[in-house]
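I have placed the structure first, in the form of structure tokens, so that the comments after it can refer back to it.
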Amino acid sequence: MKLVKRKFPKTRLRRTRMKSFSRKMVSENNLTANDVIWPVFLTEENKSKTEIKALPSVYRYPIELLLKDLEQPIAQGLNAVALFPHITDDKKDEEGSYAFSPNNLIFKAVKRIKQEYPNIGVICDVALDPYTTHAHDGIIRNNEVDNDKSLEKLVEQALLLADAGADILAPSDMMDGRVGRIRTSLEKKEYHNTMIMSYAAKYASSLYGPFREAVNAGILVKPKNKKSYQMDISNIHEAMHEISMDINEGADMIMIKPGLPYLDVISRAKELFSIPTFAYQVSGEYSMIMSAVYNNHIKESDIIIETMLCFKRAGANGIFTYFAPKILNLLSKNN
Ligand code: PBG
């Protein structure tokens, strides 16, 4: 970038900031309904929707009630949802068998959403953690999450999700080689157009805590954290390495996670790879914001829009956010 040498008072940057119309004329980023993806939690447990304690205004939905609550956001322009299951303990085991059970909660939900709203994009997580008793994303062997054994299971899960009609598979498990194996298996089954959005740079973050409550992922026992597969928080070069591998293996889009504290990773990835890049404003970020809002330290609508514009400025093509319904309300009010 060339530095402009013009000086005050020939240049007063406040001139364009002075009025609303000129601020709008020079604004570099905009937020639209197309930018938000709504992650939703599904349950078979209750007949009504239940609020998640750590995530105020975020609910676990029985399928039919989610369909009802999708109506307004879709009318306001919601383009895609990401589905996460809340599974009760009695359905969990070491291998996450319920993830492969025909007609399970997620398969049913994908089909119903597609029936009711054929144009909405449905994104499904590929990972076993909501289904396993140990709450890890893969299969445990010798007290370790076994990469290659997990791959077999994750590929099987991915194909079943594609069978159910998922538009985008989002492997969030961070096993090596998963994107390539899933892509090859999809091609073999002639799912040429099923997209893969890889959680390419997913960090071993403390910000997923409330999500684990939301999906009833118990306490991680052996191993007691996900550091052997999720990325070290201090690394960015490794993130670029991961992303380049996932792209070479067949990812159509990539995801960086968590969100706001990781904007450097988004912007570097976008610059280096020019591939559709998504951000996930994760559960811990949502909880922190809501705590400040409830204490009247920050105004909710302002902080939500500010965070979204920060993601856009960093280069995100879209943002997974639990604020999606609120954002769509705000956007439709402003129009
Ligand atoms: C599952 C998964 C997690 C999240 C999305 N998919 C949790 C984890 O990896 O422990 C976190 C999302 C959030 O915190 O909002 N692999």
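Owing to the predicted nature of the structure, the values given are computational and were not obtained by experimental measurement. Along the sequence shown, residues are numbered consecutively beginning with 1. Both ligands and their constituent atoms are indexed starting at 1 by order of listing. All values below were derived from every heavy atom in this structure, side-chain atoms included, with hydrogens, water molecules and symmetry-related copies excluded.
For the pair K49 and F41, the cation-pi criterion (under 6.0 Å, within 45° of the ring axis) is not fulfilled. Taking the ring axis of Y203 as reference, the NZ or CZ atom of K257 does not stay both within 45° of it and closer than 6.0 Å to the ring centre. By the 6.0 Å and 45° rule, K326 does not stack over the aromatic ring of F323. Cation-pi geometry between K92 and Y131 is not met: the NZ or CZ atom fails to fall both under 6.0 Å from the ring centre and inside 45° of the normal.
Between E156 and K153, at least one side-chain N (NZ, or NE/NH1/NH2) sits under 4.0 Å from a carboxylate O, which counts as a salt bridge.
If you look at ligand 1, the protein residues with a non-hydrogen atom under 4.0 Å away are F84, D125, A127, D129, D137, S172, K202, L207, Y208, F211, R212, K226, Q230, K257, Y280, V282, S283, Y322.
In this structure, OH in Y262 is found 11.5 Å from CG in L260, a value given to the nearest 0.5 Å.
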